[in-house]
Amino acid sequence: MKHRYDLPFGATLRADGVTSFAIWAPGKADGALKLYRPEGDLLLPMQRSEDGWFRIETGQAGAGSLYAYDFGDGIDYPDPASRRQPEGIHGPSEVVDPVAYEWQDSEWRGRPWRDAIIYELHIGTFSPAGDYAGIEAVLDRVQGANA
């Protein structure tokens with residue numbers, strides 16, 4: 001089973017090979033998409049709308065491309081809507097093709113709500129490690145709090 005859910009923001013890889021990028025940064029006047037490449041980084045100016053959205057469509061970024069947003073202040077901003085952050089939360093984001101993954105769980109219907117426990121956390125601040133392994137290391141603490 002293949003599935004794709006496109007958001008109006010972040011990076012969206014289209015079937016025609018074009019990737020669209022959108023980020024809302026109303027406090028910024030100018031913005032660019034920064035593509036990380038072995039031969040040298042590439043900056044592509046983004047169009048800003050009156051409501052603060054920056055957008056660009058380009059055929060120069062495909063699945064696996066690393067990118068960030070550049071607003072001229074010397075900071076490379078990872079995409080807050082990124083589907084993958086291969087170098088961590090402060091590193092570049094990666095364009096992901098959501099239909100490249102073949103889902104194997106089409107028959108799974110979830111757990112009954114009476115068995116569900118919902119616990120919201122921020123990966124980067126929940127544990128000293130700031131990653132999934134750090135969360136796993138302290139899950140017993142969360143389980144004990146909900147017992």
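Computed over heavy atoms, backbone and side chain alike; hydrogens, waters and symmetry mates excluded. This chain uses plain numbering: 1 for the first residue, then up along the sequence.
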Exercise for the section: Side-chain contact test, heavy atoms from C-beta onward, threshold under 4.5 Å: evaluate it for Val18 versus Thr58 and give yes or no. Expected result: no
Exercise for the section: Determine which pairs satisfy salt bridge (Lys or Arg N to Asp or Glu O under 4.0 Å) with at least one residue from residues 120-133, sequence neighbours left out, and list them in order. Expected result: none
Handout entry: Derivation of the side chain to side chain donor-acceptor pair (under 3.5 Å) call for Gln85 and Ser93
Key = CA-CA 5 Å; Gln85 290 296 123; Ser93 303; 2.5 Å; yes
Practice task
Could you check if a side-chain atom of Pro92 sits within less than 4.5 angstrom of a side-chain atom of Glu87, using non-hydrogen atoms only?
Solution key: yes
Exercise for the section: Might you work through the side-chain contact (heavy atoms from CB on, under 4.5 Å) test for Ile118 and Trp113, ending with a clear yes or no? Expected result: CA-CA 10 Å; Ile118 299 172; Trp113 276 109; 3.8 Å; yes
Handout entry: Within-4.5 Å side-chain heavy-atom neighbours: Arg83 and Pro98
Key = yes
Problem - Phe21/Phe54 under ring pair (Phe, Tyr, Trp, His ring centres under 6.0 Å): CA gap, chis, key distance, verdict - result: CA-CA 8 Å; Phe21 296 86; Phe54 287 84; over 10 Å; no
Handout entry: Contact summary for Pro8 and Ala22, nearest pair of heavy atoms
Key = O-CB, 3.7 Å
Fill in the blank from the handout: The reported gap from OG1 in Thr12 to CG in Asp97 (rounded to nearest 0.5 angstrom) is 11.0 Å
Handout entry: Considering all heavy atoms, the nearest Glu57-Ser20 contact
Key = CG-CB, 3.7 Å
Completion exercise
When every non-hydrogen atom of Ile56 is compared with those of Pro45, the smallest separation belongs to CD1-O, 3.3 Å
Problem - Residue pair Ala11 / Val95: nearest heavy atoms and the distance that separates them - result: CB-CG2, 4.3 Å
Practice task
Find out if a path of hydrophobic residues (ILVMFWY) with successive side-chain heavy-atom gaps under 4.5 Å connects Leu42 to Ile75.
Solution key: yes
Practice task
Verify, without hydrogens or angle tests, whether Thr19 (side chain) and Ala61 (backbone) share a donor-acceptor contact under 3.5 angstrom.
Solution key: yes
Problem - Under the ring-ring contact (aromatic ring centres under 6.0 Å, His included) test, residues paired with Tyr36 that sit two or more places apart - result: none
Exercise for the section: Compare all side-chain heavy atoms of Leu44 with those of Gln60 and state whether any distance is below 4.5 angstrom. Expected result: yes
Problem - Heavy-atom pair of closest approach, residues Ile135 and Leu121 - result: CD1-CD1, 3.5 Å
Practice task
Assess whether side chain to side chain donor-acceptor pair (under 3.5 Å) is satisfied between Asp79 and Tyr69, documenting all intermediate values.
Solution key: CA-CA 7 Å; Asp79 190 342; Tyr69 297 111; 3.1 Å; yes
Exercise for the section: Determine whether Phe9 and Trp24 make a side-chain contact, defined as any pair of heavy atoms from C-beta on separated by less than 4.5 Å. Expected result: no
Fill in the blank from the handout: dist Ser49:OG -> Arg55:CZ (nearest 0.5 Å) comes out at 5.5 Å
Exercise for the section: With rounding to the nearest 0.5 Å, note down the distance linking OG in Ser82 to CD1 in Ile89. Expected result: 12.0 Å
Practice task
For salt bridge (Lys or Arg N to Asp or Glu O under 4.0 Å), just list the numbers for Lys34 and Asp70, CA-CA rounded to whole Å, side-chain angles, deciding distance to a tenth of an Å, and then say yes or no.
Solution key: CA-CA 6 Å; Lys34 182 176 186 177; Asp70 183 318; 5.4 Å; no
Exercise for the section: Check whether any side-chain heavy atom of Trp53 lies under 4.5 Å from a side-chain heavy atom of Ile23, and answer yes or no. Expected result: no
Using a 3.5 Å cut-off and no angle test, enumerate the donor-acceptor pairs between side-chain atoms of residues 26-33 and protein atoms at least two apart in sequence or in another chain.
{"residue": "Lys28", "atom": "NZ", "partner": "Asp73", "partner atom": "OD2", "Å": "3.2"}

Problem - Asp140 versus Ala137, closest heavy-atom pair with distance - result: OD1-O, 3.8 Å
